[in-house]
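One structure is given below, encoded as structure tokens.
All residue numbers in this chain count up from 1 along the given sequence. For clarity, every value in this text was computed on a predicted model and none was experimentally measured.
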Amino acid sequence: MICYNCGCRLSEHDFCTACGADVAVYKKVMHIANRYYNDGLEKAQVRDLTGAITSLRQSLKFNKNHIEARNLLGLVYFEMGEVVAALSEWVISKNLRSKKNIADDYINMVQSNTSRLDSINQTIKKYNQALLYCRQQSLDLAVIQLKKVLSLNPKFVRAHQLLALLYINGEEWERARRELYKCSQIDTNNTITMRYLKEVEQMLSPEDGAKPSAKKKNKAEDVIKYQSGNETIIQPMNKRESKGVSTVVNMAIGILIGLAAAWFLILPARIQAAKALSDDELRTVSEQLDAKTATIGELEQQVKTLTETNQSLQADLDNYVGTDGALQAMDKLLSAANAYVTNEGEVMKVAESLDEIDLEELGESVSDDFRALYEKLTTLVGPELAKAYYEEGYELYRQEQYAAALPILLKACQYDESNGDALYYLAHCYRLTENNAKAAEAYGKVVELFPGTEKARNSKRFLTELENADASTAVR
């Protein structure tokens with residue numbers, strides 16, 4: 001947890017060890033927000049989307065910067081077909097944290113697909129048109145519009161509920177129940193869906209009356225009742241059970257005779273016809289295979305010729321380019337110079353090209369003018385680049401991401417050797433990633449280049465600790 005006042009990591013104490021701010025109430029608020037987030041996550045996992053929305057909104061009331069809760073709320077909205085509400089939450093999340101935020105992927109998933117974006121727009125327009133038809137009492141047109149909406153977005157819960165309500169109004173109870181079941185599969189605990197479904201079930205279930213008398217009971221046993229849509233079907237029972245059994249036996253015997261006739265009369269002719277057809281297909285495939293084999297031989301010869309030509313051209317290209325990459329390095333240097341001239345003040349664009357040039361690897365293959373231009377660019381932008389890399393690396397160091405901070409702080413030292421802070425924290429990163437040899441070398445440079453400073457005194461102490469650790473390891 002980070003202090004709201006200074007941004008440092010909080011400890012188990014009720015005050016910030018860095019700035020001294022009282023964080024007791026702040027911790028309680030953050031814990032409550034996390035508790036509501038966990039509750040919303042559990043509800044979303046069992047498809048209680050309405051309950052998840054309530055819990056996640058409570059979490060955001062306590063901590064509006066809760067990125068995970070806001071992203072999950074957008075996912076829940078998206079699952080319910082509320083794409084606009086989902087995009088709103090993800091855009092807010094992206095503005096709160098612009099980097100390393102999964103909301104970027106969600107937004108790109110929706111916006112990069114043109115057909116999906118157009119489908120979303122059509123869904124919203126058609127749903128609003130359906131609402132307008134309802135207000136104008138054009139219910140048949142509203143039903144048609146809602147069916148189009150659900151064909152574009154089958155998970156739009158509000159469209160399912162409105163369509164079910166229109167079916168209820170038209171006393172089409174079975175269709176209403178189907179739509180409400182679809183809603184319950186998307187959101188298992190939606191209050192509106194459950195209320196509508198209760199009304200529909202009451203209309204579809206038969207009314208329970210008083211207990212029938214013995215006479216009525218005997219009559220009821222003589223009939224079979226079952227429900228079909230809105231109607232109750234009453235069918236009298238067949239008391240001649242023996243006649244029903246004989247009918248079933250006769251039907252079974254007829255089926256067996258038909259199967260035997262098919263087996264002995266029809267099946268052999270079918271098998272012969274299938275075999276003839278198979279032989280014709282096999283002959284056709286063989287002819288096609290011979291033609292393709294000849295074509296493959298010609299193509300293999302062409303591939304061999306083209307491969308030899310490619311190798312010859314590659315050899316010529318190596319003679320022009322050089323195996324040491326000098327030409328590529330020249331391109332990168334020219335790109336860096338162009339970026340410096342055309343993008344004044346944007347030194348990071350210059351760094352993108354300079355970082356790909358390694359003078360030690362190039363050796364003597366580059367000219368003196370190349371080296372002079374490289375050193376000139378490094379002198380012009382080096383201090384500013386070193387400052388930018390140091391700030392980025394120090395921020396990662398504060399977040400205890402030592403392995404990630406190492407290459408960035410190393411770049412800061414390469415571009416400005418006089419940046420003692422970058423060299424000092426680079427040594428810390430080496431030590432904390434257990435690279436004691438590199439750490440000792442970096443601490444030694446701090447002592448050598450910045451004598452008499454607090455960094456030099458601390459570096460001497462860390463050097464002593466590293467030497468003692470190496471000595472104890474050697475003794476073991």
Side-chain angles (χ1 to χ4, degrees), residues 1-110 155-158 160-161 183-195 197-198 395-402 404:
M1 191 177 298
I2 305 300
C3 176
Y4 66 87
N5 187 35
C6 65
C8 292
R9 187 179 297 276
L10 297 177
S11 63
E12 67 276 6
H13 302 293
D14 290 339
F15 59 88
C16 178
T17 55
C19 65
D22 185 3
V23 294
V25 177
Y26 173 72
K27 281 186 174 181
K28 290 181 181 179
V29 171
M30 293 298 103
H31 286 315
I32 292 172
N34 290 336
R35 189 177 304 161
Y36 275 117
Y37 166 71
N38 292 331
D39 183 60
L41 180 59
E42 291 178 358
K43 290 179 178 179
Q45 289 172 344
V46 296
R47 300 201 70 82
D48 181 8
L49 303 185
T50 302
I53 289 175
T54 303
S55 298
L56 292 172
R57 283 192 174 279
Q58 287 295 112
S59 175
L60 293 175
K61 283 183 181 179
F62 284 97
N63 181 9
K64 66 180 181 180
N65 295 324
H66 201 310
I67 302 299
E68 289 77 12
R70 200 171 290 280
N71 288 341
L72 180 57
L73 181 58
L75 284 176
V76 173
Y77 278 138
F78 188 81
E79 183 65 18
M80 294 179 68
E82 304 285 348
V83 182
V84 176
L87 285 173
S88 300
E89 297 298 333
W90 292 335
V91 169
I92 295 172
S93 173
K94 182 179 179 180
N95 290 331
L96 292 175
R97 185 197 292 169
S98 58
K99 295 181 179 179
K100 295 182 179 180
N101 192 340
I102 198 171
D104 284 333
D105 298 334
Y106 298 152
I107 295 172
N108 292 334
M109 175 189 67
V110 177
K155 293 186 177 181
F156 198 173
V157 174
R158 285 195 296 168
H160 281 295
Q161 290 172 344
C183 289
S184 63
Q185 289 175 355
I186 299 170
D187 184 5
T188 59
N189 201 23
N190 191 291
T191 307
I192 297 175
T193 301
M194 295 172 70
R195 186 169 72 246
L197 190 58
K198 181 180 179 182
E395 182 62 27
L396 292 171
Y397 173 82
R398 284 185 56 194
Q399 297 174 5
E400 301 181 2
Q401 300 181 25
Y402 307 119

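Side-chain atoms of N71 never come within 3.5 Å of backbone atoms of S93 as a donor-acceptor pair (strictly under, hydrogens ignored). The main-chain N or O of N34 is found under 3.5 Å from a side-chain atom of N38 such that the two form a donor-acceptor pair. N95 contributes a side-chain N or O that, together with a main-chain N or O of V91, makes up a donor-acceptor pair within less than 3.5 Å. Checked by atom type and distance alone, the side chain of T193 never pairs as donor or acceptor with a backbone atom of N189 at under 3.5 Å.
Every residue two or more places apart in sequence or in another chain that forms a side chain to side chain contact (heavy atoms under 4.5 Å, CB included) with T188 is listed here: R47, D48. Residues passing the side chain to side chain contact (heavy atoms under 4.5 Å, CB included) test with Q185, sequence neighbours excluded: none.
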* To do: Apply the test side chain to side chain contact (heavy atoms under 4.5 Å, CB included) to residues E89 and L60: give CA-CA distance (whole Å), side-chain angles for both, the deciding distance (0.1 Å), then the verdict.
  => CA-CA 11 Å; E89 297 298 333; L60 293 175; 4.3 Å; yes
* Evaluate side chain to side chain contact (heavy atoms under 4.5 Å, CB included) for F78 paired with W90, printing each intermediate quantity in order. => CA-CA 11 Å; F78 188 81; W90 292 335; 4.0 Å; yes
* To do: Evaluate side chain to side chain contact (heavy atoms under 4.5 Å, CB included) for L56 paired with Y36, printing each intermediate quantity in order.
  => CA-CA 6 Å; L56 292 172; Y36 275 117; over 6 Å; no
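Salt-bridge formation is detected for the pair K43/D39: a Lys NZ or Arg NE/NH1/NH2 atom is positioned less than 4.0 Å from an Asp or Glu carboxylate oxygen.
The number of heavy-atom neighbours closer than 6.0 Å to CZ of R35, taken from other residues, nucleotides and ligands shown, is 12 or below.
Interatomic distance, N63 CG to R70 CZ, rounded to the nearest 0.5 Å: 9.0 Å.
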